[in-house]
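Taking it in order: structure first as C-alpha cells, then the write-up.
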Amino acid sequence: MSAKQTTTSAAFLATLKRDLLIAIKKKNDIVNPFMFFIIVVSLFPIGISPESDRLREIAAGVIWISVLLASMLSMDNLYRSDYEDGSLEQLLLSPHPLFFLVLAKNISHWLVSGLPVVLVSPLLAYMLNLPAQAYGTLILTLLLGTPIMSLIGSIAVALTVGLGSRGLILAVITLPMSVPVLIFGTLAVQSTLNSLSPLGYLSLMLVMLSVAISLAPLASAAALRISVN
Amino acid sequence: MSAKQTTTSAAFLATLKRDLLIAIKKKNDIVNPFMFFIIVVSLFPIGISPESDRLREIAAGVIWISVLLASMLSMDNLYRSDYEDGSLEQLLLSPHPLFFLVLAKNISHWLVSGLPVVLVSPLLAYMLNLPAQAYGTLILTLLLGTPIMSLIGSIAVALTVGLGSRGLILAVITLPMSVPVLIFGTLAVQSTLNSLSPLGYLSLMLVMLSVAISLAPLASAAALRISVN
Amino acid sequence: MWLWFSKLGSPKWFYELSGRWLPWLTAAMIIFMTIGLVWGLLFLPPDYQQGFTSRILIVHVAVAGTSLAFFPLMFVAGTITLVWKMKLADMVAKNAAILGAWFSFVTLATGSLWGSVMWGTWWEWTDSRLVSMLFQLFLLIGVISLRSALEDSETAAKACALLSIVGCINVVIIKYSVEWWNTLHQASSPISTDSSSPNGPEFWIATLIMIVAVYLFLSVSLILATRNEILERERRSQWVRDLVLKS
Amino acid sequence: MLDAIQFASFAEFLDMGGYAFNVWSVYAIFAIFITANLILPMRKKQKIIRQLKRRMAVDAEIQSESDET
Amino acid sequence: MLTAHRLFCARDDRVLFKNLNLELSEGQIMQLRGSNGSGKTTLMRILCGLNDSYEGSIKWYGQEIADQAVNFFSSLLYIGHRVGVSKVLSPVENLRWSCSLKQRVDDEAIYRALAEVGLRGFEESPCYTLSAGQHQRVSLARLIISPARLWVLDEPFTTLDAKGVAQLENLLQRQAQAGGAVLVTTHHRLNIPELTVLSLG
Amino acid sequence: MLTAHRLFCARDDRVLFKNLNLELSEGQIMQLRGSNGSGKTTLMRILCGLNDSYEGSIKWYGQEIADQAVNFFSSLLYIGHRVGVSKVLSPVENLRWSCSLKQRVDDEAIYRALAEVGLRGFEESPCYTLSAGQHQRVSLARLIISPARLWVLDEPFTTLDAKGVAQLENLLQRQAQAGGAVLVTTHHRLNIPELTVLSLG
Ligand code: HEM
Ligand SMILES: Nc1ncnc2c1ncn2[C@@H]1O[C@H](COP(=O)(O)OP(=O)(O)OP(=O)(O)O)[C@@H](O)[C@H]1O
Ligand SMILES: Nc1ncnc2c1ncn2[C@@H]1O[C@H](COP(=O)(O)OP(=O)(O)OP(=O)(O)O)[C@@H](O)[C@H]1O
Ligand SMILES: [Mg+2]
Ligand SMILES: [Mg+2]
C-alpha cells in the first residue's frame, strides 16, 4: 500500500489541474469576473464625469475598487459546487495536509478569475486616462493585491459555504478586511504619479502577500472543517 | 366553495405580508444591502481621495453606482429560497394572476432592501460632502430609481433562479440594463448642483418607473414559469 | 487548575457565580456613573479653548477607550471556543459582538457631535481614528450577520470564533494602515492628543472615573445578556427547570 | 462644595455655553445606550422565563395526555 | 374529471412515455408506479401545468385546461418533492400564506389542522427546528384545510412514521368519499382498498 | 480495527445515541439500521472525523484517531449521500482526481474500473448527461480501484438497479475476504451471509 501512496505534491497538482479543468469547461467562471470588472469600471465615466481630466484623478481608485468587488463576487463559487456534490468531503478526508489542497484551489481560482482581470486592467486604465507612467505600478500592485484578496475571500467563503444566499454577507465580511490592500495599492500608484518610488508600498504588499499565503489557507482549512460538520 | 375563495387583493396582501415577515425574521436580508452600500461608499474616500473637495465632485456618482451594485446583489435571494423549498410552485399554481403576486414580492423586496438604502443615503451624501442643496434631488432620484432597479433585477433573477452560482451572471445581465437609470439619476443631481431644474429628468424617471411597474412583473412571471419547468 | 477551568466553563456554575456578583457590580457601576456624570456635568471647569464641550469629551473618551476592548475580548473567547470547545465562551462572544457594535456606534456618534463643534464638520475622512473605528464597526456587524445567517448554533459558534480571530488581526492591520495613509495625506490629524495637556487634572480624573464606570457597565450588561443566553440554551436542563419553577 | 458648580443658573446649565445641542445629544445618546443595554436584557429575561413556563405547562399537558392513552 | 389523451414526453432525446392515456374521475384514488427516473414526477408536473414540454391534450371536465386556468387552479392542490414550507417561518405562518393563495382561512382552522397532524406545541417554532417528518406534516395539514377537489401528491409518504402513514391513507380515503380525486406516487404499498394503479416505464 | 467506546451524540438537545459501543474487525461487514433521522449518517460522519459534535472515544488499531490522522485517512474510503462526483467533469476526470487524493493511479486502472461498473462508452461524457444510477456508479468505481482497508458507505444502494445491487454486494464480500472491513447503511435487506447488524434508535 505504501508504495502506491501519493506524495502531497501530486495531490496538490491533481487538485490544481482539476479546478482549472472545471473552470475551462464552465467558461462562465472565467468570463464573468472579467465582464463584471469591465462593466463596473465603465459605469464611472457615466456616473461621475466623462471628462478626461476628472477621470485621470480617479482612475487608479476606480480600478482598484472595481477589482476588489469583482474578486469578491467571483469567490462565491470557490467551494460551493464542491460542497454540493460532496467533493469537499473527499478533500477533507485526504491524508495530505489540507493546507496545500486549499492552497491549490486558491491558486487555481486566482489564475482563473484574478489574473484575467489584472491583464485587462491596462486597457481600462487607458480608457480612464491614467497617465502612462503609472501602468507598470498599477499592474504590479494588482498582481500582488488580487491574490491577497483571493486568500482573504477564501476564508469568508469557507465560513459560509453551507448558506443559501451569500452574495452580500461575503461582501460585508471581506470588504472591510481588504482596506489595507486598497490603501497600499492606490498609494503606490499615486506615488508613481508624483514621480516618487512606489517600492516601499510594493514591498509592504509583498510582505502582506507572504503572510496571507502562509496563514490564510490554514484559516480556510479550519473554516471548511467547521462548515462541513 | 366559491364563498370561501379569496380575492386577488387578499392573496396579494398575504404574499406581501409573508415576504416581509420572512425578511424580518432573517434580518440579514434587511441589514446586508444596507451595510454593503455603506461599506462600498466608504471605500471611495480611501481609494480615491479623502479630501473633501475631491469627494464633493464624485459624491453623486459614487452613491448612485453603489446603490446600483447593492440593489443588484440584494436581488439574489428574491426567488431563490422559494424555489428551493417549493413555495414558488405553490405561487405558480395559485388561481390569481401571477402578475400581482410577483408585484407583491417585488414591492416587499424593495421595501426591505431598496428603501433602507435610500433612507441612509443622505448620511453618506454628507460624509462625501455633497452640497446640501442637492440632497432633495438625490433622494428623489433614488426613490424613483431603486424600484426600477428592483423590477429589472427581478426579471434577471427569475430567469436564473435554477442556477447554482449566479452572483456575476446577474450583474452581467442587469448592470447594462440599468445604465439609463444611472444616467438620468446623476444628471438630475448634477443639474440641481448647477442650479438648474431637475424636473425634466425626474419626470423621465417617473415614466420609466411606470412602464417598469406595468411590464416588468409580466416578464418576471413568464420567466418564473420558464425556470420552474 | 484544569478542574477549575472546566468548572468555569460550566454555564450553571457561571450563572450562580455571576448571580452573586451582579448586585455588587451594579452598585459599583451606579456609584461611579453618578459621580462621573454629576462631576462631569456640574463641576468640571470649562476647557480653556473648548468651553463646555469638554463635557462631551469625558463621555466620548470613556466609550471610545472601552470599545477598543471588544476585539481582544472576542479574540480570547474565540480561541477558547475553538481550542477547548467551551460553550460559555461562545455565549459571551455572541453578546460581546452585539454590545461592541453598540459601543462603536456610540463612539462614532459622540465623536461626530464633538467634531461638529471642533472642526465644524461631522465627519472627516482624513482622520485615522474615525475611519478605523468605522471599519471596526463594519467587522463587528459582519460577525453578527454571520451568526444570524448560520442556523446551526454549533457551526455558528465555531465560525464566528474563527472570524473574530481573523477579524482581530485585521483590526490591528487596518488601524495601522489607515493611520499611515492619513499621515501621508495630511500632516496633522484633527484629533490631537496634545490639545488635552492644557486641561487641568480635574478633567483627567473625571475621565478616569467615567472610564471605570463604562467598564463596569460593560461587564454588567455583558453578564446580563450572557445569563439570558445560558437560560435559553440550557432550557432543557433540570437546573433551569427548577429555577424557572422557583421564580 | 456648591461653589464649584460651574453654572450660575439652571438656564445656563441647559445652555452649556451655547453648545446645548451637541452636549445634550451626547448625554442623551449615552443615556439611551446605557439604559437600553441594561433594560433590554432584563426584559428579555422575564420573557424567557415566561416562555419556559408556558413550554413546561404544554409539556406537562402532553405528558398527561399520553399517560391516559 | 381529469383526462389526459395521447401524452408524449421526451427528455434529452429519451422518451419517457408516449401515447399515455389517463382518466381520473370523482371518488378515485390513483397511484402512479414506476422505477426511479421513469417519469412519475414529470407526468404529475405536466398534469398540473408546471411543465409544458409534452405533446397531447389534458382536459378538466372535458375542457382544455389552458382555457380555464383559474377554474382548474382553484380546485387543485399539488404537493411536490419540495413541499413548499419555508424554513424561516413557523407552521402557522406557512399555512396562513399557502392556504390564502386558494381560499379564505381563519387561524382557528389552521391550529386545528396542525393539532390533527400531531404538531401541537410546535405551532410557533420556526420550521428549521422541526424534524424532516414534522416538516412533511406541516404540508399535509393543508390537506385537512383545503377544499380542493383534486389532490396531486408526489411521494407524500416519505419520512412519515407508521402512524403518519395510516393517517394519510385515511385522509386520502376521506377525500375520495367526499367526491374528490387523488393522484399519488409512492414506492410504498398502500393499504387502500379502492386503489387504481397506473404503471410507467 | 475500528473501535468506538461509549459514544454520545445530541443534536439540538435531542439525544441521538448514548453509550454506543461499536467494534469493527478485519473481514467484517456491518450494516447500520434505523428509521429515518435515527442518526445513521451522523454516526458515520463522526467515525470518519467529519463531525466532532460527540463525546466518547474512537480508536483505530487501538490508538486514538486524532493521534494518527494521516494513517487513518489513507486507509479510509467514505462515500456519503453526496457522492463527490462533479457534474461538469467526465467520469475519468472525476476518478483521476478523487483517487489521486489517496494513491497513485494510472488511467488504465480507471478505464478498467469504469468498464466493470458498466460505464463503458460514457468515460468521456460530462457527468450531468448521466442518469442518477450511472452517477452513483462513478463513485462506486472508486471501490474497485481503492486499496483502502475500511469502507464507510452511506446508502450506496440508492438508485442502483437489481444488477447493480448484486454487483455491489459482491464487491463488499470481496473486500471482506481480502481482510478489509465495511460499514454500510441501507434500507434494503442485504443478500450477504456474514453480515453483522447494528440497530440505532
Ligand atoms: C478608536 C477610537 C477612538 C478613540 C480611542 C478616541 C479617543 C479620543 C481621545 C482620547 C480624545 C481626547 C483627545 C483630546 O483630549 O484632545 C478624543 C477626542 C476627540 N475624538 Fe475621539 N476617539 C476615537 C474615535 C473617534 C471618532 C470615531 C470620532 C468621530 C466620529 C472622534 C472624534 C473626536 C473628536 C472630534 C475629538 C476632539 C479632538 C480634539 O480635541 O481636537 N473620535 N478621542
Ligand atoms: N430538467 C431535466 N432535464 C433533462 N432531463 C430531465 C430533467 N428532469 C428530469 N429529467 C429526466 O427525466 C427522467 C424522469 O424523471 P422523473 O423525475 O420524472 O422520474 P421519477 O419517475 O419521478 O423518479 P423518482 O422515483 O426518482 O422520483 C429522468 O431520467 C431524468 O433524468
Ligand atoms: N446539522 C444538524 N443540526 C441539527 N440537527 C441535525 C443536523 N443534522 C442532522 N440533524 C438531526 O439529527 C438526526 C439524525 O440525522 P441523520 O442524518 O444522522 O439521520 P439518518 O439516520 O442518517 O437518517 P436517514 O435514514 O434519513 O438518512 C435528525 O433527527 C436530524 O434532525
Ligand atoms: Mg419523482
Ligand atoms: Mg442518512
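Letters go in sequence order (proteins before strands), and every chain restarts at 1.
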Original post:
Yes or no on salt bridge (charged side-chain N to carboxylate O under 4.0 Å, His left out) for F/K87 and A/D85, after CA distance, side-chain angles and deciding distance?
Top reply: CA-CA 8 Å; F/K87 283 192 180 172; A/D85 68 24; over 6 Å; no
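- In this structure, the side chain of F/Q63 does not engage the main chain of F/Q68 through any donor-acceptor pair within 3.5 Å.
- Of the atoms belonging to F/V88, heavy atoms from both backbone and side chain fall under 4.5 Å from chain A.
- Neither the backbone nor the side chain of A/F12 comes within less than 4.5 Å of any heavy atom of chain F.
- Side-chain N or O atoms of A/S42 include one that pairs as donor or acceptor with a backbone N or O of A/I38 at under 3.5 Å.
- Heavy atoms closer than 4.5 Å to chain F are found nowhere in A/S81, neither backbone nor side chain.
- If you measure heavy-atom distances from A/L91 to chain F, the contacts under 4.5 Å come from both the backbone and the side chain.
- In this structure, A/M72 CE and A/S113 OG are separated by 12.0 Å, a value rounded to the nearest 0.5 Å.
- Note on A/L93, A/D82, A/I226: by heavy-atom pairs under 4.5 Å with chain F, the leading option is A/L93.
- Within the 4.5 angstrom heavy-atom criterion, no atom of F/S98 approaches chain A.
- Both the backbone and the side chain of F/L50 come within contact range of chain A, judged by heavy atoms closer than 4.5 Å.
- Within 6.0 Å of CG in F/N191 there are 12 or fewer heavy atoms belonging to other residues, nucleotides or ligands.
- The environment of CZ in F/F8 is crowded: more than 12 heavy-atom neighbours from other residues, nucleotides or ligands sit within 6.0 Å.
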